[in-house]
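A short worksheet on the structure shown next.
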Amino acid sequence: LYTFEYAALVTQTSTALIERFATLGLISPTNSMLRSRDITRVSQILRLRRDLGLNLVGAAMVLDMPEEIAQLRAQLQAYRSHSS
């Protein structure tokens, strides 16, 4: 587990922005500590903001899309299996 300060250092941003990510629910701290996946997500969101001009929530939505699509496909497959 990592501190917000460490996350800010490695992602070259501020602790205030890391805290904002947590407040918005874009990352999920555990007792004010971050997992490596949270730090990776911060980096990805910052890259999407920089490269594509997306806002924070838009960048998070882009990152969540593959998982949501996989869930929808699984639900569709289950529905098709029950309908057959």
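- Nearest heavy atom pair, residue Ser28 against residue Asp38, reads N-OD1, 3.2 Å.
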Check: Taking it one step at a time, do Val42 and Leu34 satisfy side-chain contact (heavy atoms from CB on, under 4.5 Å)?
Finding: CA-CA 11 Å; Val42 168; Leu34 299 172; 5.6 Å; no
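- Phe21 and Met61 end up in different hydrophobic clusters when Ile, Leu, Val, Met, Phe, Trp and Tyr side chains are linked at under 4.5 Å.
- The salt bridge (Lys or Arg N to Asp or Glu O under 4.0 Å) pairs that include a residue from residues 57-67 are Arg41-Asp64, where partners are two or more places apart or lie in different chains.
- By the side-chain contact (heavy atoms from CB on, under 4.5 Å) test, Tyr6 is found to be paired with Tyr2, Thr3, Val10, Ile39, residues two or more places apart in sequence or in another chain being considered.
- By the side-chain contact (heavy atoms from CB on, under 4.5 Å) test, Asn55 is found to be paired with Val57, residues two or more places apart in sequence or in another chain being considered.
- To the nearest 0.5 Å, atom CD of residue Gln44 and atom CZ of residue Arg37 are 12.5 Å apart.
- Under the side-chain contact (heavy atoms from CB on, under 4.5 Å) criterion, Leu52 pairs with Leu48, Leu54, sequence neighbours left out.
- The NE2 atom of His82 sits 10.5 Å away from the CD atom of Gln77 when rounded to the nearest 0.5 Å.
- Cluster note: Met33 groups with Leu1 through ILVMFWY side-chain heavy atoms spaced under 4.5 Å, whether in direct contact or through intervening members.
- In the hydrophobic clustering of this structure, Leu17 does not group with Leu9; members are Ile, Leu, Val, Met, Phe, Trp, Tyr whose side-chain heavy atoms approach within less than 4.5 Å, directly or through other members.
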Margin query: One pair to check against side-chain contact (heavy atoms from CB on, under 4.5 Å): Ile45 and Ile27. What are the steps and the verdict?
Written below: CA-CA 10 Å; Ile45 291 171; Ile27 55 175; 5.5 Å; no
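- Sorted pairs that involve residues 14-27 and meet side chain to side chain donor-acceptor pair (under 3.5 Å), not counting sequence neighbours, are lacking altogether.
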